[in-house]
Amino acid sequence: MAATLEEMFSVKGRRIVITGGGGILCGEMSRALAALGARVAVLDLREDAAQAVADDIRKSGGAAFAVKCNVLERASIEAARDEVVKTLGGLDVLINGAGGNKKEATTSDELSFFDLPVEAMRFVFELNIVGTILPSQVFGKVMAEAKAGVILNVSSMSAFHPLTKVAGYSAAKAAVSNFTEWLAVHMSQNYSKDIRVNAIAPGFFLTEQNRYLLTDEKTGKPTARGKTIIDHTPAGRYGEPGELISTVVWLLGEGARFVHGNVVPVDGGFNAFSGV
């Protein structure tokens, strides 16, 4: 039987794990999905940040709990999985939101590409792609055993068009998009046709990882880079975290059952604009 319109966009009762859930964007996702009736496990390396989000959700009448998790350590992810399964009885959705860039891995007037520390580049690459693969292995196995589930990764505009200054981040997010497509095929061919894998590709939203590049620390006004980005975003502004939610809800819901292996931009038109 076809789902009703309400069922197509419903996440009520869904058991959702969100890595990086203590951050700006994934914190907003956690709060919104819980407000829509989902039960949310907020995972973050910073336990206090995850706890703050979970507390906000519970104060608003939602269901959430915080779990400390290092997405670069399999043992930490497995411990988080065990806590999630024990508390929720399983899971329906994994959102791989942990990621970001690092100032030390960014070229500038003071730091050329030739002098970028390999340790910083490696950290950014691993945080974004390994930090997506490992949770997909650990939590994805639960879905494979249940023969159902949704994995939603977080890519970036830099996966479509490499951005200046952030070589490691751009390469890593391109890998996330590629892995999203690969995993979608793999899960369908080997485990279940009812496991879907997609990604969103946010445009430019101010976060703690990119604020130093996009706004002047003293004035709060856009930097030259920030102004260029806004000029190349037809919407003419940065995105607001809440503007990711409708796309996330759609991709998680029954209405997107035939959407599989896709990377969906939420970018104010940035990807569509050639600059002319």
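Note that this is a predicted model, so its numbers are computed, not measured.
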Residues [X] and [Y]: side-chain donor-acceptor under 3.5 angstrom:
X: Asp231; Y: Thr228; result: no
X: Asp267; Y: Thr233; result: no
X: Arg225; Y: Thr164; result: yes
X: Thr180; Y: Asn153; result: yes
X: Thr19; Y: Asp44; result: no

Keeping [X] on the side-chain end and [Y] on the backbone end, is there a donor-acceptor pair under 3.5 Å?
X: Asn190; Y: His186; result: yes
X: Ser60; Y: Gly62; result: no
X: Thr106; Y: Lys102; result: yes
X: Arg196; Y: Ala256; result: yes
X: Ser76; Y: Asn70; result: yes
X: Lys173; Y: Pro162; result: no
X: Asn198; Y: Gly261; result: yes
X: Arg14; Y: Leu91; result: no
X: Thr4; Y: Glu7; result: yes
X: Arg15; Y: Gly89; result: yes

Ignoring hydrogens, what is the shortest heavy-atom contact between [X] and [Y]? Give both atom names and the distance.
X: Ser155; Y: Ser177; value: OG-OG, 2.7 Å
X: Val124; Y: Ala105; value: CG2-CB, 3.7 Å
X: Val67; Y: Ala80; value: CG1-CB, 3.8 Å
X: Glu73; Y: Leu134; value: N-CD1, 4.3 Å
X: Cys26; Y: Gly97; value: SG-CA, 3.4 Å
X: Val266; Y: Glu243; value: CG1-O, 3.7 Å

Let me see the working for Val40 and Ile18 under side chain to side chain contact (heavy atoms under 4.5 Å, CB included), right down to the final yes or no.
CA-CA 7 Å; Val40 180; Ile18 305 181; 4.0 Å; yes
Tell me, please, which residues at least two apart from Arg58 pass salt bridge (charged side-chain N to carboxylate O under 4.0 Å, His left out).
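Asp55.
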Verify same cluster id: Ile77, Leu45 (apolar side-chain graph, 4.5 Å):
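No, Ile77 does not connect to Leu45 through the hydrophobic network.
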Test Lys12 against Leu36 for side chain to side chain contact (heavy atoms under 4.5 Å, CB included), laying out the working first.
CA-CA 6 Å; Lys12 188 174 183 179; Leu36 291 170; over 6 Å; no
[Y] side chain reached by [X] side chain, heavy atoms, under 4.5 Å:
X: Phe179; Y: Ile129; value: yes
X: Leu152; Y: Leu94; value: no
X: Asn271; Y: His161; value: yes
X: Val84; Y: Phe65; value: yes
X: Val249; Y: Leu33; value: yes

Check the pair Phe160, Val263 against side chain to side chain contact (heavy atoms under 4.5 Å, CB included), reporting the backbone distance first and the verdict last.
CA-CA 10 Å; Phe160 292 89; Val263 181; 4.0 Å; yes
Look at Arg257 together with Glu254 and state whether they make a salt bridge at an N to O cut-off of under 4.0 Å.
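Salt bridge flag = yes for Glu254 with Arg257.
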Would Lys147 count as a cation-pi partner of Tyr191, with NZ or CZ less than 6.0 Å from the six-membered ring centre and within 45° of the ring normal?
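No.
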Applying ring pair (Phe, Tyr, Trp, His ring centres under 6.0 Å), which residue pairs with at least one partner in residues 244-276 are found, sequence neighbours left out?
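Listed by first then second residue: Phe204-Phe270, His232-Phe273.
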More than 12 heavy atoms of other residues, nucleotides or ligands under 6.0 Å from CD of Glu6: is that the case?
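It does not: Glu6 CD has 12 such atoms or fewer within range.
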Candidate pair Ile200 and Met29, rule side chain to side chain contact (heavy atoms under 4.5 Å, CB included), full reasoning
CA-CA 12 Å; Ile200 58 171; Met29 291 181 205; 3.9 Å; yes
